Amino acid sequence: MLLEVRDLHVEFHTRDGVAKAVNGVNYSVEAGETLAVLGESGSGKSVTAQAVMGILDMPPGKIPKGEILFKGQDLLKLKEEERRKVRGAKMAMIFQDALSSLNPVLSVGEQLGEMFIVHKGMSKKDARAKAVELMDRVRIPAARERVGQYPHQFSGGMRQRIMIAMALALEPELIIADEPTTALDVTVQAQVMDLLAELQREYNMGLILITHDLGVVADVADKIAVMYAGRIVEQAPVHEIYKAPAHPYTRGLLDSIPRLDQKGQELYAIKGLPPNLLAIPPGCAFNPRCPMAQDVCRTDVPPLYEVTESPVPRASACHFWKECLHG
Ligand SMILES: Nc1ncnc2c1ncn2[C@@H]1O[C@H](COP(=O)(O)OP(=O)(O)OP(=O)(O)O)[C@@H](O)[C@H]1O
Ligand SMILES: [Mg+2]
């Protein structure tokens, strides 16, 4: 297994109290596999990813419990220097906002080349040639002419391609893409997503794709982990989830996707708000918003049940997963 996150907990110590942002997350990604992580704003998708990358703000963040196994080695046990090596060469992250992630006063060629100079000890000239090669790879037209240009001279879609090029530079085994296309308009979104999926297949990388857009993941993901209040509430191969969700929260997310054949109808929205992480409700964290909630949901935290009726492994943290599956 390339990456295995086990029982990960992350909390933030703030003036108002302890915010429990991640509360026992388990997920895994194999080489060549795409895991989509879904969930509303604040559900802990990015914080989990930051913990995996080793870029969590600590303090105020703290990891009281858990393991992050990268090819069997627990990254949380590494010294900072060893950790940095893994982060630089073996895994890379792509962020939503390319403009603020790129350095405005360096040309894109310098920024791409820097990776090869620092990590591979290349000469400036060779690094520049590598930068052009990478820009070609992510299909930036006229790469040779544009290698000396600055980030603001590129469109949003092209900048996001440059971010992908940066992430690919050292041929990492794992890429975490945190809402990589959210800031782009819809057609450009699809192009960038296709490119990322294509490169991932070609390099046989593991990909964790964070998004709150269920529409985006259907084509590219192998499996989905749905997060709510810092926990995974449902995990399944992508097609199984679309066929029949086994958690009312997933059902709510699916029902909120706009559909062309239902044009004109009012869009469904899950009622209520995500919980305050300083005071997560007892029982199932989703219970105050759940149309299926019973008494037990208000008292007992549901474990991640194996969905035994499924021919492929899948799991749901709902006491009533069976009813949900057939509902
Ligand atoms: N540095 C920090 N200090 C305090 N709280 C933080 C910090 N970083 C994240 N949090 C909190 O952790 C919780 C989870 O945040 P996270 O960024 O993982 O959400 P998310 O699922 O990625 O949401 P979004 O879809 O909006 O990106 C949020 O309540 C957030 O406010
Ligand atoms: Mg986020």
Side-chain angles (χ1 to χ4, degrees), residues 3 5 7-27 29 34-66 68 75-76 91-101 160 163 167 174-184 189 192-193 196 207-217 221 223-235 241 247 249-250 252-254 256-257 269-270 272-281 285-286 288-289 317:
L3 176 79
V5 174
D7 196 27
L8 183 72
H9 292 251
V10 180
E11 51 194 38
F12 291 100
H13 291 251
T14 69
R15 246 184 305 159
D16 302 325
V18 179
K20 300 201 168 190
V22 178
N23 300 298
V25 161
N26 293 280
Y27 64 48
V29 195
T34 297
L35 165 72
V37 181
L38 262 125
E40 283 167 302
S41 191
S43 55
K45 305 180 298 293
S46 296
V47 168
T48 305
Q50 286 158 10
V52 171
M53 275 301 285
I55 54 168
L56 202 61
D57 286 332
M58 298 204 282
K62 201 176 152 195
I63 301 180
K65 203 173 157 196
I68 299 171
L75 298 180
L76 295 176
M91 47 173 79
M93 194 152 170
I94 300 168
F95 299 94
Q96 175 182 114
D97 185 1
L99 199 52
S100 63
S101 309
Q160 207 55 336
M163 286 297 293
L174 176 71
I175 289 210
I176 303 178
D178 193 349
E179 312 262 6
T181 60
T182 310
L184 307 172
Q189 257 180 16
V192 170
M193 215 42 250
L196 187 59
L207 173 64
I208 298 177
L209 176 65
I210 299 172
T211 174
H212 28 255
D213 186 351
L214 251 167
V216 170
V217 301
K223 57 187 186 184
I224 292 187
V226 180
M227 286 190 73
Y228 190 80
R231 288 189 77 203
I232 292 190
V233 294
E234 177 160 13
Q235 198 159 26
I241 272 198
H247 196 288
Y249 179 60
T250 314
L253 289 179
L254 283 171
S256 333
I257 306 177
I270 302 170
L273 293 172
N276 173 2
L277 298 175
L278 295 166
I280 295 175
F286 186 56
R289 306 171 70 187

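Just so you know, these numbers come straight off a predicted model, no measurement behind them. Just follow the structure's listing: the first ligand is 1, and inside any ligand the first atom is 1.
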Peer 1: Can an N, O or S atom be found in Gln96 less than 2.8 Å away from the Mg ion (ligand 2)?
Peer 2: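 Here the distance criterion (N, O or S atom, under 2.8 Å) is not met by Gln96, so no.
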Peer 1: Considering heavy atoms of the protein only, find what lies nearest to atom 25 (O) of ligand 1 and give residue, atom and distance to 0.1 Å.
Peer 2: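 Ranking protein heavy atoms by distance from atom 25 (O) of ligand 1, first comes Lys45 NZ, 2.8 Å.
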Peer 1: Measure up the Phe286 and Tyr228 rings against each other and bin them: parallel (under 30°), tilted (30 to 60°), perpendicular (over 60°).
Peer 2: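 Aromatic pair Phe286/Tyr228 classed perpendicular.
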Peer 1: Which option wins on minimum heavy-atom distance to atom 17 (O) of ligand 1: Pro275, Ser46, Ala229?
Peer 2: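 Comparing heavy atoms across Pro275, Ser46, Ala229, the nearest one to atom 17 (O) of ligand 1 lies in Ser46.
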Peer 1: Nearest heavy-atom pair of Val22 and Leu8: which atoms, and what distance?
Peer 2: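 That closest heavy-atom pairing would be CG1-O, 3.2 Å.
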Peer 1: Please give me the minimum heavy-atom distance between Ile210 and Ala49, naming the atom from each residue.
Peer 2: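 Heavy-atom minimum between the residues: CD1-CB, 3.6 Å.
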Peer 1: Applying side chain to side chain contact (heavy atoms under 4.5 Å, CB included) between Ile241 and each of Leu253, Leu38, Thr250, report the one that passes.
Peer 2: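 So, applying the side chain to side chain contact (heavy atoms under 4.5 Å, CB included) to Ile241 and each of Leu253, Leu38, Thr250, only Thr250 qualifies.
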Peer 1: Under 4.0 Å from a heavy atom of Ala21: give me the atoms of ligand 1 that qualify, with their elements.
Peer 2: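 Here the atoms of ligand 1 in question are 12 (O), 13 (C).
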Peer 1: Any N or O on Thr48 sitting closer than 3.5 Å to an N or O of ligand 1?
Peer 2: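 It does not: no N or O of Thr48 is found under 3.5 Å from an N or O of ligand 1.
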Peer 1: Go through the steps to decide whether Ile232 and Asn26 satisfy the test side chain to side chain contact (heavy atoms under 4.5 Å, CB included), and finish with yes or no.
Peer 2: CA-CA 7 Å; Ile232 292 190; Asn26 293 280; 5.7 Å; no
Peer 1: Select one of side chain, backbone, both or neither to describe which atoms of Ser41 lie under 4.0 Å from any atom of ligand 1, heavy atoms only.
Peer 2: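 Ser41 to ligand 1: contacts from backbone and side chain alike.
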Peer 1: I need the nearest protein heavy-atom contact for atom 16 (P) of ligand 1: residue, atom name and distance, please.
Peer 2: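 Result: Val47 CG2, 3.7 Å.
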Peer 1: Go through ligand 1 atom by atom and flag the ones less than 4.0 Å from a non-hydrogen atom of Asp57.
Peer 2: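 Going through ligand 1 atom by atom, the ones under 4.0 Å from Asp57 are 1 (N).
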Peer 1: Where is the tightest heavy-atom contact between Ile175 and Ala167, given as atom of each residue plus distance?
Peer 2: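 Looks like CD1-CB, 4.0 Å.
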Peer 1: Protein heavy atom under 4.0 angstrom of atom 30 (C) of ligand 1, is there one?
Peer 2: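 For atom 30 (C) of ligand 1 the answer is no, since every protein heavy atom stays at 4.0 Å or beyond.
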Peer 1: Are any of the N/O atoms in Gly42 less than 3.5 Å from those in ligand 1?
Peer 2: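 Yes.
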Peer 1: Any idea which atoms of ligand 1 are less than 4.0 Å away from a heavy-atom of Leu277?
Peer 2: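 In order of number, 13 (C), 28 (C), 29 (O).
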Peer 1: Do any nitrogen or oxygen atoms of Phe12 come within less than 3.5 Å of a nitrogen or oxygen of ligand 1?
Peer 2: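 In fact, backbone or side chain, Phe12 has no N or O that close.
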Peer 1: Run the numbers for me: atoms of ligand 1, each under 4.0 Å from some heavy atom of Glu40, listed by number.
Peer 2: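 So the atoms of ligand 1 that pass are 21 (O).
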Peer 1: Looking at Lys45 and Gly39, what are the two nearest heavy atoms and their distance?
Peer 2: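 Nearest pair, atom of Lys45 first, then Gly39: NZ-O, 2.8 Å.
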Peer 1: Does Ser43 reach ligand 1 with a nitrogen or oxygen that is under 3.5 Å from one of the ligand's nitrogen or oxygen atoms?
Peer 2: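 N/O-N/O distance under 3.5 Å: yes.
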Peer 1: Can you see which heavy atom on Lys20 is nearest to which on Ile280, and at what distance?
Peer 2: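 Answer, listing the atom of Lys20 first, then Ile280: O-CD1, 3.8 Å.
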